[in-house]
Amino acid sequence: MTTPGVDDAVREKRPVTERRLHPVTPLRRAWAPVAVVIGWAAHDPDQAQRQLTRLTTTTLLIALAVVVPAAALYGFLTWWFTHFAVTDTELRIRTGLVFRRTAHIRLERIQAIDVTQPLLARVAGVAKLKLDVIGTDKKDELAFLGAEEARTLRAELLARAAGFAPETAHEVGEAPSTQLLRVPPGVLAVSLVLSGATWGTLAAALVVPTVLWLATESVWTVLATAVPLFGAAGASSVGRFVTEYDWTVGEAPDGLRLDHGLLDRAHETVPPGRVQTVRIVEPLLWRRRGWVRVELDVAGSANSVLLPVAPREVAESVVTRVLPGVTVPAGAAVSRPPRRAARCVPVWWRGYGLAVTDAVFAARTGLLRRSLALVPHAKVQSVRLAQGPWQRLWGVADVHVDTGANKTVTARLRDAAEAAQLLRAQAARSRTGRRDARPDRWMA
Amino acid sequence: METGSPENTGTAGDERAVTEPEWTGLPPGLLRMRRLLLVVWLGLLAIGLALLLGTLAGPGWAAFALLPLALMAWGWVMIGRNWRSWRYAERADDLLISRGVLWREETVVPYGRMQLVEVTSGPVERHFGLASVQLHTAAAATDATIPGLDPAEAERLRDRLTELGEARSAGL
């Protein structure tokens with residue numbers, strides 16, 4: 001009830017100027033009908049052949065004469081009816097031809113804004129603006145804007161969200177960033193060659209169809225399994241190389257800047273203080289070279305990779321910038337579960353570990369592919385202790401720490417007394433979550 | 001056995017922990033409701049099975065109807081144990097919920113992290129004068145539900161939790 005009044009007050013001060021997207025926007029879905037036809041033809045070649053022979057030139061021309069203007073009109077109208085406006089507190093997007101949709105996005109709820117440029121968009125000189133907003137599953141996006149316009153709009157939105165005066169907000173411009181690190185393509189390629197996922201999927205793609213061929217001798221079965229398997233193998237090696245190519249990390253006042261991509265360029269920002277979990281992953285074959293991969297979870301964001309590959313010291317310094325005041329616990333500081341945990345999880349119990357410093361809860365899992373998950377105490381939403389009957393027999397228990405990005409970090413198979421103490425202590429630490437909380441290094 | 005045998009470290013260590021909070025158990029209403037539902041459903045199943053087997057296969061086969069009755073006796077005990085294991089404690093800054101007999105779970109939710117407190121009551125629960133309180137934080141994995149409370153107590157808890165949550169709000 002109060003909103004119209006507030007809106008009026010805002011409008012009195014400064015008229016809201018509505019803007020349209022870039023005029024190439026109608027073409028963004030032009031490939032869709034073509035893809036549908038190709039997909040149908042590939043799916044059922046005989047049927048397609050028969051249908052094609054029945055088509056005469058005149059019917060084809062008539063179809064084209066109807067379909068092309070109709071599609072063009074639809075594209076034009078959706079573009080014409082899509083407006084966006086930036087007010088002091090909100091970004092408003094009005095869209096929809098038949099089903100109207102008006103989204104009012106409160107600027108202070110924006111977690112991050114990414115600028116991405118798919119390959120064709122790079123050719124056309126336009127870019128897409130993706131908004132990460134708390135509490136929404138779907139990403140709102142503005143596609144497409146002129147590349148320069150996208151950058152200035154992004155800077156303006158972030159400046160307003162940060163509380164700059166509205167008059168000066170659009171003049172603040174993009175905060176300058178200093179480059180911290182750039183992953184050389186050679187290192188990235190070697191790291192992918194050395195990762196188990198690449199070889200695993202490739203081996204599966206070679207072995208499974210061969211076995212199927214020997215068992216069934218049916219070409220179609222083999223093709224139906226081989227194509228998706230080779231697709232997965234390609235995605236985990238070549239696909240990752242293409243997206244993670246030229247990975248650049250820069251530091252700016254509004255967070256860490258990530259630029260990457262060989263064909264599609266992406267320009268992302270990881271806002272400081274919004275990171276819920278950081279995982280430092282160390283595959284077996286990278287260990288000799290001292291390389292690690294850093295992944296992160298941000299509430300309401302899909303960004304998950306911070307560094308595809310980097311030497312450990314460099315990675316740790318970048319982690320320190322994402323989680324201010326946090327030092328990554330050294331390998332020696334991570335304590336293993338008691339020896340009797342082997343009765344619950346044979347062999348692999350050696351991979352589990354826990355370190356609690358005054359800033360983070362760090363839990364390690366994995367024996368070959370080690371992964372150390374760090375949760376700042378301030379991000380812990382709830383703490384749980386779970387103990388099954390077999391675990392109780394051996395006096396061990398699991399401690400789960402739930403974070404806001406719907407991720408749970410688990411310290412597995414701790415000594416039961418230690419786990420109970422950890423539960424209370426962790427709740428106390430998370431409650432304040434302040435860095436100056438008493439140094440509770442009881443794990444030592 | 002290795003150092004720190006389970007006898008020493010199990011529940012004994014739990015009891016030793018700092019200051020034991022004031023635990024509150026669940027009112028007997030939930031126990032009554034669950035046992036009644038158990039008796040009604042398994043009783044119906046036993047009667048149905050006995051009639052069906054008695055008429056179709058002969059009276060000897062009707063003895064199989066004793067199976068649901070055995071299940072009922074076992075369930076009666078299990079429900080009692082499970083009900084006794086549920087308890088919660090309101091501490092100065094967080095809420096503790098402890099439950100489970102074989103699979104024990106203890107949850108701590110700081111008041112400042114609560115996003116939403118819900119009181120729910122289904123038709124059967126309402127008939128027995130029961131309500132459950134559910135806490136939501138920003139993490140979906142947080143499973144903090146207290147079932148089978150007296151509606152007045154549930155509302156008191158909800159109001160108190162909301163009030164404490166506002167006072168200690170910490171956001172994301």
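Because only heavy atoms are used, hydrogens play no part in the values below, and waters and symmetry mates are left out as well, while side chains stay in. Order of the sequence lines fixes the chain letters, A, B, ..., with proteins taken first and strands second; residue numbering starts at 1 for each chain.
- By the neighbour-count criterion of 12 heavy atoms within 6.0 Å, atom CZ of B/Arg160 is densely surrounded, having more than that number from other residues, nucleotides or ligands.
- The shortest non-hydrogen separation linking B/Trp103 to A/Pro389 is CE2-CD, 3.4 Å.
- Contact count versus chain A (heavy atoms, under 4.5 Å) is highest, among B/Val101, B/Thr107, B/Val108, B/Leu95, for B/Val108.
- Heavy atoms of A/Thr403 lying under 4.5 Å from chain B belong exclusively to its backbone.
- Closest approach of A/Gln381 and B/Val109 over heavy atoms only: O-CG1, 4.2 Å.
- If you measure heavy-atom distances from B/Ile97 to chain A, you find no contacts under 4.5 Å at all.
- Summarising the geometry, atom CZ belonging to B/Arg104 is positioned 11.5 Å from atom CD belonging to A/Gln391; distances are rounded to the nearest 0.5 Å.
- Shown here for A/Arg424 and B/Glu106, the closest heavy-atom pair between the two residues is NH2-OE2, 2.6 Å.
- Residue B/Trp23 places its CH2 atom among more than 12 non-hydrogen atoms of other residues, nucleotides or ligands, all under 6.0 Å distant.
- Heavy atoms only, all atoms of each residue included: A/Ser382 and B/Pro110 are closest at CA-CD, 4.5 Å.
- Contacts between A/Val396 and chain B at a heavy-atom distance below 4.5 Å are absent for every atom of the residue.
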